[in-house]
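Structure record follows, encoded as structure tokens.
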Amino acid sequence: MTPLKLLFVCIGNTCRSPMAEAIARGLGGGRVEARSAGLMPFGRIVPGTVRALEDLGYDPTGLSSKGLGELEAGDFDVVVSLLGEAGLAHLPASLGAETEAWAIADPYGEDDEVYLAVARELERRVRDLIDRHDRGELAIV
């Protein structure tokens, strides 16, 4: 089976989308290729993101803050806006075949409990996305 190629997008690519990327890699193993990007990349991954991932047992190694312009168009099966429906308007259609909009709170500047809560919510949603793919419920070309 061809790996499911996912892209997670938020504003700064420093909290939510890198969390989702690491979680998808961890949950999907070799069945998932995950990337993340920001509309206005912050330039670094903040410590709260790393701590939340490590607390849940995910490997943050290799995560970096980058923009959409650094990614290859058409290279993704599903592009997930972590900004909800409003975020979809900022995504080039050329990035992926299918889009999803998840309204995930931005933990930037909050305490570690908030980062952990966001990571748990992302874990739940990413697991569901991978399960839907495995059941053939995604409209991937």
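Contact of the Val80 side chain with the Val126 side chain is not registered, since no non-hydrogen atoms from C-beta on lie closer than 4.5 Å. No side-chain heavy atom of His90 sits less than 4.5 Å from a side-chain heavy atom of Leu68. Taking the side chain as every heavy atom from C-beta outward, Ile23 and Phe8 never approach each other to under 4.5 Å. Between Cys10 and Asp106 there is no side-chain heavy-atom pair separated by less than 4.5 Å. Contact annotation: the side chain of Leu53 approaches that of Met19 to within less than 4.5 Å [non-hydrogen atoms, C-beta and beyond]. Side chains of Glu121 and Arg124 form a contact here, defined as non-hydrogen atoms less than 4.5 Å apart. Side-chain contact check for Arg16 versus Leu83: some heavy-atom pair is nearer than 4.5 Å.
By the 30° and 60° cut-offs, the orientation of the rings of Phe42 relative to Tyr108 is perpendicular.
Checking each of Lys5, Glu70, Lys66 against Arg35 for a side-chain contact (heavy atoms from CB on, under 4.5 Å) leaves exactly one that passes, namely Lys66.
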>> Could you walk me through whether Val78 and Leu138 satisfy the side chain to side chain contact (heavy atoms under 4.5 Å, CB included) test, starting with their C-alpha distance in whole Å, then the side-chain angles of each, then the deciding distance to 0.1 Å, before giving a yes or no?
In response: CA-CA 9 Å; Val78 181; Leu138 297 178; 4.1 Å; yes
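Listed by chain and number, the residues in a side-chain hydrogen bond (donor to acceptor under 3.5 Å, both in side chains) with Arg44 amount to none (sequence neighbours excluded).
Across all their heavy atoms, Asn13 and Ile45 have their closest contact at O-CD1, 3.5 Å.
The NE2 atom of His133 sits 4.5 Å away from the CG atom of Leu4 when rounded to the nearest 0.5 Å. Here CD of Glu100 is found 8.0 Å from CG of Asp128. Values are rounded to the nearest 0.5 Å.
Remark: the backbone N or O of Thr14 is paired with a side-chain donor or acceptor of Thr49 at under 3.5 angstrom. No side-chain donor-acceptor contact under 3.5 Å links Ser17 to the backbone of Val9. Using a distance-only test at 3.5 Å, with no hydrogens or angles considered, no donor-acceptor pair links the side chain of Asp112 to the main chain of Tyr115.
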